[in-house]
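Labels below follow one simple rule: chain letters A, B, ... track the order of the sequence lines, proteins then strands, and each chain is numbered from 1.
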Amino acid sequence: MRMLESSATFLRGHFSRRIFTIPTATLNRLINDHLRDNGLVEARRIFNQNRTSLDISTWNMMISVYVQRGLMLEAHQVFDQMPVRDVVSWNTMFMGLKKNKDPESVLRHFIEMRRSGLNPDELTIAAIIDAVSGPGSKVLVLQIHTLAIRLGLSLSAYTGSALLRGYTSLRDLRGLERVFKEILLKDVVSWNVLIMGYMKLGFVEDGERAFAEMPERNIVTWHTMLIGYINNMEMDKARDFFDKMSQRNVFSWTVMINGYVQCREFKVALLLFREMVESWSNRPSHYTFSSVLKACAASSSLLMGRQVHSMISKRGMACDVVLSTSLIDMYAKSGDITAASGVFKSMPVKNTASWNSMIGGFARHGLGVEALEEFERMVQCGYKPDQVTFINLLSACAHAGLVEEGEKQFMLMGRFGITAEKEHYACMVDLLARAGQLDKAERLIKGMPFEPDFVIWGALLGACGLHSCLELGEVAAKGISRLRREHPAAYDVLCRVHGEKGDWTSVMELRRLMRKTKAKKQDASSWIE
DNA sequence: CTAGGGTTAG
């Protein structure tokens with residue numbers, strides 16, 4: 001390190017007096033050494049001082065470093081100042097923009113690159129395909145594919161894997177298989193992406209066939225299959241596959257546990273987590289804990305949640321924003337609002353989701369005033385509320401009977417650039433109807449910019465039950481039955497209840513059922529039997 | 001000098 005510093009000083013000293021060129025390799029090594037030692041600032045200084053004699057690879061390396069650290073502003077700055085750019089410069093920028101989740105910019109820059117007369121290479125094609133992949137961009141994927149063919153790049157495994165992803169995003173099975181056949185030397189990644197494509201399109205058996213046929217497999221292959229089974233809701237196959245895996249790591253366990261969470265098998269998820277911990281084979285990661293906390297929250301397993309919390313602390317695991325937010329949610333959903341608030345207060349860094357969890361927690365506990373206060377603090381701290389914030393806030397008002405406050409917040413949503421969605425209207429209908437302002441609720445429904453859905457009619461119906469308003473209740477019930485084609489299962493429930501005319505206790509029952517459906521909650525049950 | 005595939009929060 002000292003040697004590096006002295007050589008930097010040496011270089012600086014000479015440059016102020018004379019002009020001579022340092023070999024590119026030396027400069028690159030010097031800058032690189034500084035970067036390795038975290039001396040980004042120093043590296044930049046050397047870079048700036050030799051600006052006039054820099055080799056293009058040095059420029060590219062500088063961009064790459066910024067990109068890798070997520071400093072896109074700096075990367076852009078260097079990129080803009082380059083006297084001349086090559087394909088590597090562009091590719092590095094594409095990767096940065098992609099990491100920054102800015103596909104439009106990737107496309108914009110690509111057009112600019114083409115205008116400058118440079119030809120794309122494999123990496124370029126891959127980056128562009130990823131940027132234009134998605135529903136409704138069929139033409140672009142096909143065009144990039146055409147371009148790749150014209151440049152003779154479509155046969156490579158690298159470009160091929162991107163094209164496979166592109167056709168998967170178009171849900172084009174034929175295209176997927178055609179591209180795969182075109183790849184000259186198929187490597188393990190090509191096969192993995194093919195399997196992923198089959199699984200995403202729902203062709204589980206084709207995925208299995210490819211898995212059997214492929215010449216070599218790695219752990220990602222196994223994970224691709226596992227995730228494929230889970231997303232196709234083949235939980236038995238997934239578990240069977242998981243049990244047969246020759247090697248397992250944290251990722252494998254987490255995927256399996258999270259799979260059970262996704263299909264609402266919370267107890268099984270927690271049992272598997274326990275198995276993982278007791279086997280001492282792999283240490284849970286942030287991902288694992290996050291999934292497990294979700295399972296605790298959804299099954300109101302407060303004791304288990306507390307155990308997980310202390311596990312996180314004992315392991316000295318950095319409690320990041322995501323994990324803390326999971327903890328808040330877990331505590332709030334399993335009834336310990338004090339603990340939720342404690343975690344929230346201890347967070348050094350918060351984001352919108354953390355605030356939402358906290359406000360949602362207050363709502364759940366009927367603490368409308370606290371929710372409103374927390375919302376005020378959120379805005380004062382400069383955090384931007386989003387759709388979810390207002391759903392939570394309005395439902396807090398509804399639960400606490402704060403009609404005027406709720407109406408006020410509903411009106412103020414636009415000031416934050418948020419337009420009211422169905423969920424917000426549902427909260428408002430619930431709020432007004434519960435408070436007995438049934439006419440107002442009805443008028444709100446009529447004035448909505450969309451058709452009322454099951455939840456909205458349900459809220460109204462329930463309140464009609466509360467306030468013994470048969471007439472409007474009939475309207476709501478009819479509204480629900482009109483939706484029967486969309487919600488056959490819900491209609492069944494309704495018919496069962498509606499058979500007993502005038503029995504509003506049953507309507508309350510229905511309303512409870514509907515609320516449960518909306519909240520996607522499992523029956524409250526404890527981890528400790 | 002750039003390097004493709006697998007998972008988290010409301």
Side-chain angles (χ1 to χ4, degrees), chain A residues 24-25 27-28 31-32 54-65 67-68 75 85-96 98 121-127 129-130 156-165 168 183 187-197 199 218-228 230-231 249-259 261-262 284-294 297 320-330 332-333 350-361 363-364 385-392:
Chain A
T24 303
L27 244 183
N28 281 357
I31 291 175
N32 233 334
L54 287 175
D55 187 87
I56 192 159
S57 68
T58 312
W59 284 92
N60 289 341
M61 198 172 67
M62 208 62 213
I63 297 175
S64 164
V65 169
V67 161
Q68 273 162 24
R85 298 186 262 263
D86 65 4
V87 66
V88 176
S89 332
W90 288 99
N91 287 346
T92 311
M93 283 306 287
F94 292 147
M95 274 173 265
K98 192 174 127 188
D121 67 0
E122 295 183 297
L123 274 71
T124 322
I125 298 290
I129 283 284
D130 281 335
S156 93
Y158 193 98
T159 312
S161 67
L163 284 167
L164 291 171
R165 262 174 283 131
T168 303
I183 300 171
D187 60 13
V188 65
V189 178
S190 325
W191 283 94
N192 287 349
V193 181
L194 176 73
I195 292 177
M196 199 178 68
M199 290 303 204
N218 61 14
I219 190 139
V220 179
T221 318
W222 290 80
H223 291 152
T224 307
M225 289 294 290
L226 195 59
I227 293 163
I230 290 170
N231 288 340
N249 59 19
V250 208
F251 196 99
S252 334
W253 285 93
T254 307
V255 166
M256 198 64 229
I257 291 170
N258 194 43
V261 175
Q262 271 172 31
S285 67
H286 281 94
Y287 289 101
T288 325
F289 282 126
S290 209
S291 284
V292 170
L293 285 171
K294 202 171 170 179
D320 63 4
V321 192
V322 176
L323 209 46
S324 304
T325 304
S326 303
L327 278 170
I328 295 169
D329 200 45
M330 181 277 295
K333 283 186 179 152
K350 301 179 171 86
N351 64 15
T352 304
S354 352
W355 287 96
N356 289 351
S357 283
M358 197 61 243
I359 294 170
R364 189 175 298 275
D386 63 7
Q387 313 266 6
V388 183
T389 317
F390 279 99
I391 293 172
N392 290 346

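Qualifying side chain to side chain donor-acceptor pair (under 3.5 Å) partners for A:S357, counting only residues two or more places apart in sequence or in other chains: none. A search for side chain to side chain donor-acceptor pair (under 3.5 Å) contacts involving A:K350 returns nothing, not counting sequence neighbours.
Counting any heavy atom pair closer than 4.0 Å across all strands shown, A:T92 reaches sugar-phosphate atoms only and no base atom. Across all strands, A:A127 comes closer than 4.0 Å to no nucleic acid atom at all (heavy-atom distances). Within 4.0 Å (heavy atoms only), A:V193 reaches sugar-phosphate atoms of the nucleic acid but no base atom. Across all strands, A:D130 comes closer than 4.0 Å to no nucleic acid atom at all (heavy-atom distances). Nucleic acid contact class of A:D55 (heavy atoms, under 4.0 Å, all strands): none. Contact annotation for A:S357: backbone-only contact, meaning every heavy-atom pair under 4.0 Å involves sugar-phosphate atoms and none involves a base. Across all strands shown, A:L123 has heavy atoms under 4.0 Å from base atoms, whether or not it also approaches the sugar-phosphate. Note on A:T352: a base of the nucleic acid sits closer than 4.0 angstrom, heavy atoms only.
Side-chain proximity of A:M95 to the nucleotides B:dG10, B:dA3, B:dG6 is greatest for B:dA3. Taking the side chain of A:I227 as heavy atoms from C-beta on, and the options B:dC1, B:dA9, B:dG6, the nearest nucleotide is B:dG6. Residue A:S290 places its side chain closer to B:dA9 than to any other of B:dG4, B:dA9, B:dC1. For A:D329, whose side chain is taken as the heavy atoms from C-beta onward, the closest listed nucleotide among B:dG6, B:dG10, B:dT2 is B:dG10. Closest to the side chain of A:N351, out of B:dG6, B:dA9, B:dG4, is B:dA9. Distances were taken from every side-chain heavy atom of A:M61 (C-beta onward) to each of B:dC1, B:dG6, B:dT7; the shortest belongs to B:dC1. Considering only side-chain atoms of A:V322, the nucleotide from B:dT8, B:dG10, B:dC1 that sits closest is B:dT8.
Across the protein-nucleic acid pair, A:D86 atom CG and B:dC1 atom P stand 13 Å apart, rounded to whole Å. Following rounding to the nearest Å, A:M62 (CE) and B:dT2 (P) show an atom-to-atom distance of 14 Å. Distance, A:K294 NZ to B:dT8 C1': 8 Å, rounded to whole Å. In this structure, CZ of A:F94 is placed 16 Å from P of B:dT2, rounded to the nearest angstrom. Atom CD1 in A:I230 sits roughly 10 Å away from atom C1' in B:dT7 (whole-Å rounding). Between the CG atom of A:L164 and the P atom of B:dG4 there is a distance of 16 Å, rounded to whole Å. Note: CH2 (A:W191) to C1' (B:dG4) measures 17 Å, nearest angstrom.
The side-chain hydrogen bond (donor to acceptor under 3.5 Å, both in side chains) test with A:S354 is passed by exactly one of A:N356, A:T352, A:N351: A:N351.
The aromatic ring of A:Y287 sits over the base of B:dT7, with ring centres less than 5.5 Å apart and planes inclined by under 30°.
Heavy-atom minimum distance, A:G259 versus A:I230: CA-CG2, 3.7 Å.
Taking only side-chain nitrogens and oxygens, A:N258 comes nearer than 4.0 Å to OP1 or OP2 of B:dT8. Of the side-chain N and O atoms in A:Q262, one or more sit less than 4.0 angstrom from OP1 or OP2 of B:dT8.
Looking at A:H223 and A:N249, their side chains come closer than 4.5 Å, going by heavy atoms from C-beta outward.
Remark: the backbone N or O of A:S156 is not paired with any side-chain donor or acceptor of A:T159 at under 3.5 angstrom.
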